[in-house]
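Quick caveat: nothing in here was measured; it's all calculated off a predicted structure. Chain letters run A, B, ... following the sequence lines, proteins first and then strands; every chain starts at 1.
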Amino acid sequence: MEKGLISVDRWAEGSQAYFLTHLHSDHTHGLTSGWSHAPLFCSPLTAKLLPFKFPSFDLSLLRILHPGASHTLTLPSTVLHVTAIDACHCSGSIMLLFRGDFGCVLYTGDFRWEATCERAANARHVLRHALQNVPVVDVVYLDNTYSNPIYDFPPRHVAAQKVMDIISSHPDHDVIIGINTLGKEDLLIEISRALQIKIWVWPERLRTMHLLGYHDIFTTNTSLTRVRAVPQYSFSIETLEALNAMRPTIGIMPSGLPWIKKSLQKNEFLSGSFLTSRYKRGKWSANSEAQTDEQIGNIGSPEKIHEYMYTVPYSDHSNYEEIEEFIKLVQPIRLKGIVASSSCYIEPMYYFGRLCRVDQQTQLLREGHKRKENCKREREGSVRSKTSLGDVNVETGRDRGKALKGRFSGVRLSRFSILRRTHRGAKIHEYNSSDQE
DNA sequence: GCGATCAGCT
DNA sequence: CACAGCTGATCGC
């Protein structure tokens with residue numbers, strides 16, 4: 001009988017061990033407070049936050065992976081080794097490097113691989129070190145959210161500087177920043193530090209901040225600060241206009257939304273597109289003052305999208321260049337995307353296959369995709385998601401549905417991904433095993 | 001009433 | 001379209 005060995009960010013029954021890369025809810029669909037299938041492995045920070053998201057979670061099933069350390073797991077059917085590496089995506093996020101009978105698999109989860117970020121530099125060091133014990137990485141499950149050269153956005157510290165410039169140039173305004181339940185803590189801390197100001201957050205978010213170890217930066221007292229971080233869903237142009245009836249207020253959306261709009265045409269020429277044109281001129285640089293000064297008060301500029309509303313390209317996913325650097329470092333034999341949704345979706349081997357170790361399968365795959373490209377452009381986000389190569393069998397998801405109807409060629413898609421939306425994760429490796437514990 | 005699911009919206 | 005994720009309606013228990 002066939003059973004799964006391990007699952008990452010997937011919660012269907014049948015695996016011997018489960019791994020959670022981070023606590024964003026599109027990675028926890030199917031996970032509940034009543035979890036009882038098998039041990040769940042995650043980072044220390046995720047373990048700290050998880051009981052608040054899942055109140056009656058059986059903590060005896062929780063196992064902590066310390067980033068950088070190699071853990072040996074004895075599962076009912078086999079022994080495997082796993083190393084967690086800081087993914088720099090949000091607080092507690094990790095990548096996972098697995099070694100076992102099946103070979104070596106690196107699962108990035110969502111990740112941001114910034115050349116300039118100190119944390120990423122540390123993560124790079126840890127990854128390099130971990131890779132020294134590995135002859136070759138057979139498969140990388142890749143956060144391919146922006147694995148297309150049409151996506152370009154700056155490092156987060158540059159985007160953060162932009163945010164601070166916007167705030168500084170509105171000294172008499174209240175400032176509302178949209179964030180989600182987890183993530184972008186670094187941005188808020190940078191703002192707080194640079195402007196010497198506390199940041200208001202809503203009560204639950206304050207508890208999260210405290211759990212993360214930030215005790216003096218955030219407050220729930222509105223009278224202590226003019227900068228408030230609010231749930232992204234809770235504010236819009238309308239609420240901002242309402243607020244402005246009372247006192248001058250600007251809104252800032254730090255968003256990973258693609259910084260391209262209409263002109264995602266065939267070529268690389270992006271000028272004229274909504275949010276990209278400016279960025280295409282001189283590469284990203286930290287000195288943004290000239291631009292900012294001229295942008296502010298200039299309605300229709302890339303970052304001022306409304307009289308009171310600004311957007312800043314602050315992304316917790318890697319841009320194309322960063323993914324490229326990552327692949328160069330790891331040099332896997334194969335790549336598999338863990339995100340399959342956008343109309344700009346391109347199977348990662350198409351762009352990054354050239355950076356992989358060449359073997360026959362790789363060559364075949366590349367030929368196959370080139371052929372496909374020639375026939376017709378891969379839009380529609382339709383059939384992609386290679387499966388069942390070698391002895392690694394994968395369940396993968398996160399599709400917009402439409403083109404995908406049930407099962408095909410060994411891929412089993414969750415009902416979520418078929419019927420609705422976001423679902424990431426993979427069941428790595430089908431395995432013969434006696435029983436599950 | 002509660003949890004799971006899903007449409008809608010941002 | 002895309003990020004990530006909430007609200008609220010509905011359904012089954």
Side-chain angles (χ1 to χ4, degrees), chain A residues 9 11-12 21-35 53-57 89-93 109-112 143-153 156 159 176-185 187 202 204-205 208 229-241 251-265 270 273-276 305-306 309 311-320 337-346 377-382 398-403 414-425:
Chain A
D9 294 347
W11 312 103
T21 60
H22 64 289
L23 261 182
H24 279 160
S25 53
D26 54 334
H27 293 254
T28 58
H29 278 311
L31 185 57
T32 64
S33 285
W35 178 255
K53 191 168 175 117
F54 302 104
S56 58
F57 196 92
H89 170 70
C90 69
S91 294
S93 67
D110 289 351
F111 79 120
R112 179 95 203 236
D143 171 13
N144 54 315
T145 306
Y146 299 129
S147 69
N148 187 319
I150 63 173
Y151 296 121
D152 189 22
F153 42 80
R156 283 175 291 195
I176 305 280
I177 302 173
I179 60 170
N180 285 319
T181 50
L182 184 64
K184 308 225 175 8
E185 290 80 22
L187 169 64
W202 63 102
E204 259 197 58
R205 196 58 152 99
T208 301
V230 305
Q232 208 175 75
Y233 63 86
S234 78
F235 92 111
S236 60
I237 304 266
E238 286 68 39
T239 54
L240 215 43
E241 281 171 346
I252 301 175
M253 283 290 196
S255 170
L257 283 169
W259 303 103
I260 47 148
K261 268 293 185 174
K262 359 207 120 150
S263 70
L264 53 144
Q265 307 306 351
L270 291 171
S273 73
F274 180 38
L275 286 162
T276 25
I305 62 170
H306 174 267
M309 182 73 92
T311 69
V312 175
Y314 189 100
S315 171
D316 288 325
H317 295 270
S318 302
N319 66 27
Y320 180 81
I338 58 176
V339 181
S341 49
S342 114
S343 55
C344 310
Y345 180 87
I346 298 210
R377 295 219 133 240
E378 290 184 43
R379 358 193 103 260
E380 271 69 299
S382 59
R398 195 167 196 273
D399 290 276
R400 280 282 172 174
K402 322 177 222 194
S414 75
R415 271 167 61 213
F416 258 119
S417 54
I418 294 167
L419 298 176
R420 215 169 151 237
R421 56 173 301 165
T422 64
H423 191 136
R424 307 180 182 216

The criterion is side chain to side chain donor-acceptor pair (under 3.5 Å); which residues satisfy it with A:T208, sequence neighbours excluded?
none
For A:L31 and C:dG5, give me the distance from atom CG to atom P, rounded to whole Å.
14 Å
Would you please classify the geometry between the A:F57 ring and the A:F54 ring as parallel, tilted or perpendicular, with 30° and 60° separating the classes?
tilted
Decide whether A:D143 and A:H89 meet the rule of one side-chain donor and one side-chain acceptor closer than 3.5 Å.
no
Is A:R156 salt-bridged to A:D316, going by a charged N under 4.0 Å from an acidic O?
yes
Specify the separation, in whole Å, of atom CD of A:Q232 and atom P of C:dC3.
12 Å
Side-chain N or O of A:H89 closer than 4.0 Å to phosphate OP1/OP2 of C:dA4
yes
Within the structure, does a side-chain N or O atom of A:S25 lie under 4.0 Å from either OP1 or OP2 of C:dG5?
yes
C:dA4 P sits how many Å from A:N180 CG, rounded?
8 Å
Looking only at side-chain atoms of A:T145, point me to the closest of C:dA4, B:dA4, C:dC3.
C:dC3
Here the distance between atom C1' of C:dG5 and atom CG of A:D26, to the nearest Å, is 8 Å
Base, sugar-phosphate or nothing for A:S234? Non-hydrogen atoms, less than 4.0 Å.
nothing
Side chain to side chain donor-acceptor pair (under 3.5 Å) involving A:S318 - partner list, sequence neighbours excluded:
none
Counting just side-chain N and O atoms, does A:T181 come under 4.0 Å of either OP1 or OP2 of C:dG5?
yes
Roughly how many Å is it from CG in A:L187 to P in C:dC3, rounded to a whole number?
20 Å
Closest approach to the side chain of A:Y233, judged atom by atom: which nucleotide of C:dT7, B:dA4, C:dA4 is it?
C:dT7
Which whole-number value in Å describes the distance from A:L240 CG to B:dT10 C1'?
14 Å
Roughly how many Å is it from CZ in A:R112 to C1' in C:dA4, rounded to a whole number?
16 Å
Does A:H317 make a side-chain N or O approach to OP1 or OP2 of C:dC3 shorter than 4.0 Å?
no
Rounded to the nearest angstrom, tell me the gap between atom CG in A:D143 and atom P in C:dA2.
15 Å
